[in-house]
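Just follow the structure's listing: the first ligand is 1, and inside any ligand the first atom is 1. It should be emphasised that the depicted structure is a prediction, and the values quoted were computed from it without experimental measurement.
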Amino acid sequence: MSNKITIAIDGFSSTGKSTVAKRIAKELGYVFVDSGAMYRAVTHFAIEKDFISAKNFNKKGLISQLDGVELGFKFNNDLGFAEMYLNGSNVEKKIRTMEVSSFVSQVATIPEVREQLVKQQQQMGEDKGVVMDGRDIGTVVFPEAELKIFMIASAEAKAERRYKELIERGDKVEYEEVLNNVKQRDHIDSTREDSPLLKAKDAIEIDSSNLTLEETFQSVMQLVRMTLEDSE
Ligand code: DC
């Protein structure tokens with residue numbers, strides 16, 4: 001298995017995309033990129049600079065300062081994956097809060113933000129050997145990816161997964177709040193004008209509602225093996 005491919009994993013919020021992408025990358029020795037973390041980091045920046053709150057959304061202000069947003073991933077050996085850095089600071093924990101989750105889909109509608117992030121994502125995948133998860137990876141970032149997965153799950157399965165994650169981190173959240181956030185984000189992500197969440201024509205759909213993480217991982221690995229054989 002010496003030939004490297006590009007693996008795009010798109011789909012709805014909290015379908016297990018990142019967890020599976022991370023494991024696939026580890027198994028293959030590929031680079032894992034959580035593109036959602038990049039949108040979350042820009043959102044964290046926007047909150048800190050007061051460009052977005054429950055009362056206002058100053059898109060122009062945010063766009064004018066995008067040059068001051070420097071994003072990077074640094075591999076953490078203890079965790080076994082790369083953490084998100086914003087202007088030199090580790091923001092991995094800060095970008096996973098409900099506050100960031102509640103604004104990120106709005107920030108992700110801004111074409112200028114998308115253009116900047118897509119460019120960086122394409123650079124990260126230049127040499128192939130990358131597993132990237134997100135919403136537009138198979139359609140916009142890597143339309144030529146050899147393997148495209150599209151993950152779906154029921155709203156309840158998604159909310160339960162996300163709720164468990166937040167509770168395990170020690171966040172105080174209500175299940176209903178998480179369910180509403182997941183539904184709202186999926187709606188905004190699928191209906192926005194620029195690069196909406198769409199299943200690429202050549203993507204393979206996986207419904208993770210009734211699958212364990214191990215089962216989802218095994219299904220994707222089987223597709224990876226087939227794709228690698230085909231690309232030899
Ligand atoms: O994968 P995630 O839930 O951490 O992503 C957070 C948000 O970022 C998601 O609601 C929509 C946006 N996003 C996007 O628009 N395009 C991507 N490629 C990845 C994420």
Kindly confirm or rule out an N or O of [X] lying under 3.5 angstrom from an N or O of ligand 1.
X	answer
Arg114	yes
Arg40	yes
Tyr39	no

Using a 4.0 Å cut-off to any heavy atom of [X], which atoms of ligand 1 qualify?
X	result
Ala108	12 (C), 15 (O)
Arg192	14 (C), 15 (O), 16 (N)
Asp136	16 (N), 17 (C), 18 (N)
Ser105	10 (O)

- among protein heavy atoms, the one nearest atom 19 (C) of ligand 1 is Ser35 OG, 3.3 Å
- Query: Tell me: protein heavy atom nearest atom 10 (O) of ligand 1, and distance?
  - Reply: Asp189 OD2, 2.8 Å
Cluster check [X], [Y]: I/L/V/M/F/W/Y, side chain < 4.5 angstrom:
X	Y	answer
Phe57	Val113	yes
Phe150	Ile206	no
Met132	Phe217	no

- Which class fits the ring pair Phe45 and Phe51: parallel under 30°, tilted 30 to 60°, perpendicular over 60°?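 The rings of Phe45 and Phe51 sit tilted, inter-plane angle from 30° to 60°.
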- Before accepting this row, confirm whether a basic side-chain N of the pair Asp189/Arg192 lies closer than 4.0 Å to the acidic partner's carboxylate O.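 Looking at Asp189 and Arg192, the cut-off is met.
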- Message: One pair to check against salt bridge (charged side-chain N to carboxylate O under 4.0 Å, His left out): Glu92 and Arg96. What are the steps and the verdict?
- Response: CA-CA 7 Å; Glu92 186 60 36; Arg96 310 283 170 194; 2.9 Å; yes
- Chi angles and distances behind the side chain to side chain donor-acceptor pair (under 3.5 Å) call for Arg135, Ser13: CA-CA 9 Å; Arg135 304 295 186 288; Ser13 308; 3.3 Å; yes
- Query: Going through the distances and angles, do Arg40 and Ser101 end up as a side chain to side chain donor-acceptor pair (under 3.5 Å)?
  - Reply: CA-CA 8 Å; Arg40 286 174 177 273; Ser101 295; 3.2 Å; yes
- Query: Which option out of Arg135, Arg162, Arg185 puts a heavy atom nearest to atom 17 (C) of ligand 1?
  - Reply: Arg135
- Tell me which one of Asp194, Val107, Val104, Ile95 gets a heavy atom nearest to atom 7 (C) of ligand 1.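 Heavy atom nearest to atom 7 (C) of ligand 1 belongs to Val104.
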